[in-house]
Amino acid sequence: MAVGSYPCCLLILSMILILTPCAYQLQPAEVLSLLRIKRLLNYPAILSRWNVDTDFCSYEANPYVTIICYEESITQLHITGNKSAPPLPRSFSMTLLFATLYRLPNLKVLSLTSLGLWGPLTGKISRLSSLEIVNMSTNYLYGAIPKQVSRLTNLQTLILDHNMFSGRVPDLLGELPRLSVLSLKNNSLSGPLPDSFSSLKPLRVLVLSSNSLSGELPDLNSLSNLQVLDLENNYFGPRFPSLGRKVVTLVLRKNRFSGGLPAEVNTYYLLEHLDISFNRYTGPFPASLLSLPSIHYLSISGNRFTGMLLQSMSCNGELEYVDLSSNLLTGNLPTCLISDSKNKVTLYSANCFATEDHSQHPLSFCQNQALAVGIIPHKENKVSGAKATLMIGITGGIFGSIFLGMIIFFSLKKATMKPALNKSQRSLAEHASVGYSSQLLPDASYILQTMKLGELGVPPYRSFSLEELEAATNNFDTSSFMGEGSHGQMYRGKLQDGSLVAIRCLKLKKALNSQNFSRHIELISKLRHHHLVSALGHGFEYYLDDSSVSRLFIVFEFVSNGTLRSNISEGVPGETLTWTQRISAAIGVVKGIQFLHGGMVPGLFANDLKITNVLLDEHLVAKISSYNLPILAEHMKCEMMVGSSSSGLREPNERTKYMDKIDIHDLGVILLEIITGRPIIFNSEVVNIMKNQLQESIAADGIARMSFVDPVIINACCDESLKTVMEICLRCLSKEPTQRPSIEDVLWNLQFAAQVQESWRRYSHSSEESPLSPSLPSQSPIALSC
Ligand SMILES: *[C@@H]1O[C@H](CO)[C@@H](O)[C@H](O)[C@H]1NC(C)=O
Ligand SMILES: *[C@@H]1O[C@H](CO)[C@@H](O)[C@H](O)[C@H]1NC(C)=O
Ligand SMILES: *[C@@H]1O[C@H](CO)[C@@H](O)[C@H](O)[C@H]1NC(C)=O
């Protein structure tokens, strides 16, 4: 007798067999086994009629007991107890049960459900080598699923639902050559699904719901027979499973899937039931799901899908259940989803649809939340081509005198930097070169401020999932820890694409609701500039009860070349920056400040600028790494040290009035260190003493001046350039905020110094005497003359 390969056929087969009177008597040994089983199961009421004289092969099947024989041997044994059967008494033993079952050597189908069986499933099950279908659900079986199950080479269906199995899904299960149905729902299994499942070709149904399984799924793309995949209520994710196109039922509900849905979903032409509710999906809701050719049931509720639905959108007429609730959808509910029919259910509460009822959030809620998960609506604030050209024209006029010098400066710099790149940096460098070409434009701040983000050479701003950040930092392992400051902890991380990032982790007070939060995120998302350590994105963790944010992660580009100080005053002798490179770094810092002050609204002032907070990238581009984010000031335990510098701005009025001048003073201290090459402790007395020395040395002649200056640069710097920087430095350090120069003024002076230096450098190589200063005697150090 052939046993149906699929459980659905069992019923039909059983019915045929019931109608055909069994001509054979069961072997006495098998009769004894059945009676023994009755005893082992503690004489359940449903087996009360079993005794030595029972003709088991003609036993009338009922919903609780079915026995099917082939000739003189039992091939199928089904016993089902009461749904809530308590565990069998202590005398019960699974080992004894199986020892008894061995006496049924032709058993192909074994179904012992809701009988109160308890204990580990013994590995000896493998001796029942004819087994094709095993159903032992709703019992109290515990321990690991024995790997010996994999020796049941005829096994097609294994159902162990509603037990207490723990441990991992055995690797060897993936080697069962005929396994087509595997259901392990409602156990305590953990760990990932083994990769061996990728080769379970006959697998049709895989149900793993309500366990503690986690991680990425193996590639199931080659399982062309897979129709049902139910992973509900586990910790799978974050990547959408890779599946064949013939999937009919896909349940990913309550896991840790995130990101957007892959486009392949639209090719699942047999998909009838799709439930991805209560995950962390973000991104636009693909409305095409509503019109998949076979779809009946669709639930996306409890995610953060965005997008606008239209009344005119089309749906599959067979749709019976659609749940869009608790997402960030806007617009109108498609007309095809509205129906009076009782057979059709559409749920859509807690979105931002334009409906009359009170089930919806205001539109701004969805917009803010969308922002909070990083889907920033497109803003039409690009500078049009014509406008940009006009700006180049105007600023070109203003900075005409230095324009040419800057071009030479930057192209030279570019040429000298290139060979230093190693292979892994190449793609970065290619991006960066796009940034450089915009550098060749006149260096007017306004152009830079309107520079499109794409030209930065950093990837577009986006949101990061918690899982992604955990993976990048090896679960925020101590080996990734970079340091902790008043601005939270810093971790080094490596994203999946191999790029390095620095992740700042801020624990927030519970008071920060998501509305408030998105305001901050909007600001952070603007912190992208060539001379800032730019924000690449953010991730967050939120409290499930009220959706307020518990931890915020800001992901920054990783800047590889150390701090400005480590390249100047604490650098390896002989490898510190040249004068030309120092001016260029200073110009970078100034442009960064300019952006912080004026490049966004509201500007960020009092940024506590320090030379140790200026980092250099592989092209020696200076980038400011710490800025005065309101979220840091508002929500950290430590207060922002506004005016912690020696700027003398303690009065609140003065402080708000001359906010920008705090940064100018701090910039002066940075310039001081650039000039002297000595680490300057940030202390008002030290700064005062040095300021006086600076003043004296500016007034002194060329050679005397050199005693103040870093000896490393003396021989390769032009006096006029040096003096220009010293003078602007002195003005920055003015006690009176009003006497400090504007940031534009500083920039102009530094650019002038750069140009003079560059011209000097070029001519000093071709002739002993600089054409710009023919009057200077040639016996004086050539370095001093311009
Ligand atoms: C289920 O349990 C009830 C009492 O708890 C009992 O009356 C009934 O016979 C049981 N059914 C079976 C099939 O054992
Ligand atoms: C396994 O047994 C349970 C309990 O009797 C039943 O509900 C379920 O349908 C069975 N599964 C299969 C595939 O036969
Ligand atoms: C899980 O199985 C237990 C018995 O092991 C049962 O009491 C419980 O109701 C089941 N839960 C679900 C969600 O099916």
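Every number for a ligand or one of its atoms is a count from 1 in the order of the listing. All values below were derived from every heavy atom in this structure, side-chain atoms included, with hydrogens, water molecules and symmetry-related copies excluded.
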K.L.:
Which pair of heavy atoms, one from Tyr140 and one from Ala85, lies closest together, and at what distance?
P.N.:
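Taking Tyr140 first and Ala85 second, the nearest heavy atoms are OH-O, 2.8 Å.
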
K.L.:
If you measure from atom 2 (O) of ligand 2 to every heavy atom of Ile159, Val181, Asn135, Val205, which option wins on shortest distance?
P.N.:
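Considering heavy atoms of Ile159, Val181, Asn135, Val205, the nearest to atom 2 (O) of ligand 2 sits in Asn135.
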
K.L.:
Of the non-hydrogen atoms in Leu226 and Leu229, which two are nearest, and what is the gap between them?
P.N.:
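Heavy-atom minimum between the residues: CD2-CB, 4.4 Å.
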
K.L.:
I'd like to know whether ligand 2 has Ser137 as a neighbour, heavy-atom separation below 4.0 Å.
P.N.:
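In this structure, Ser137 qualifies as a contact of ligand 2 - some heavy atom is under 4.0 Å.
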
K.L.:
Check whether any N or O atom of Asn186, backbone or side chain, sits under 3.5 Å from an N or O atom of ligand 3, and answer yes or no.
P.N.:
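Yes.
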
K.L.:
Regarding Arg127 and the six-membered ring of Tyr102, is the cationic atom NZ or CZ under 6.0 Å from the ring centre and inside 45° of its axis?
P.N.:
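Yes, a cation-pi geometry.
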
K.L.:
Is Thr138 close enough to touch ligand 2? Criterion: a residue heavy atom under 4.0 Å from a ligand atom.
P.N.:
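False for this residue.
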
K.L.:
Short list, please: which atoms of ligand 3 are under 4.0 Å from a heavy atom of His162?
P.N.:
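Listed by number with element, the hits are 1 (C), 2 (O), 5 (O), 10 (C), 14 (O).
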
K.L.:
I'd like to know if atom 11 (N) of ligand 3 has any protein heavy atom within a distance of less than 4.0 Å.
P.N.:
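So atom 11 (N) of ligand 3 has protein heavy-atom neighbours under 4.0 Å.
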
K.L.:
Is there a donor in the side chain of His358 and an acceptor in the side chain of Gln360, or the other way round, less than 3.5 Å apart?
P.N.:
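No pair is found: no donor N or O on one side chain lies under 3.5 Å from an acceptor on the other.
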
K.L.:
With under 30° as parallel and over 60° as perpendicular, where do the rings of Phe353 and Tyr348 fit, or are they tilted in between?
P.N.:
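Perpendicular, since the angle between the ring planes exceeds 60°.
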
K.L.:
Is the number of heavy atoms from other residues, nucleotides or ligands under 6.0 Å of Phe92 CZ greater than 12?
P.N.:
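Yes - once you tally the heavy atoms of other residues, nucleotides and ligands closer than 6.0 Å, there are more than 12.
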
K.L.:
What atoms in ligand 2 come closer than 4.0 Å to a heavy atom of Thr113?
P.N.:
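In order of numbering, the contacting atoms are 2 (O), 4 (C), 5 (O).
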
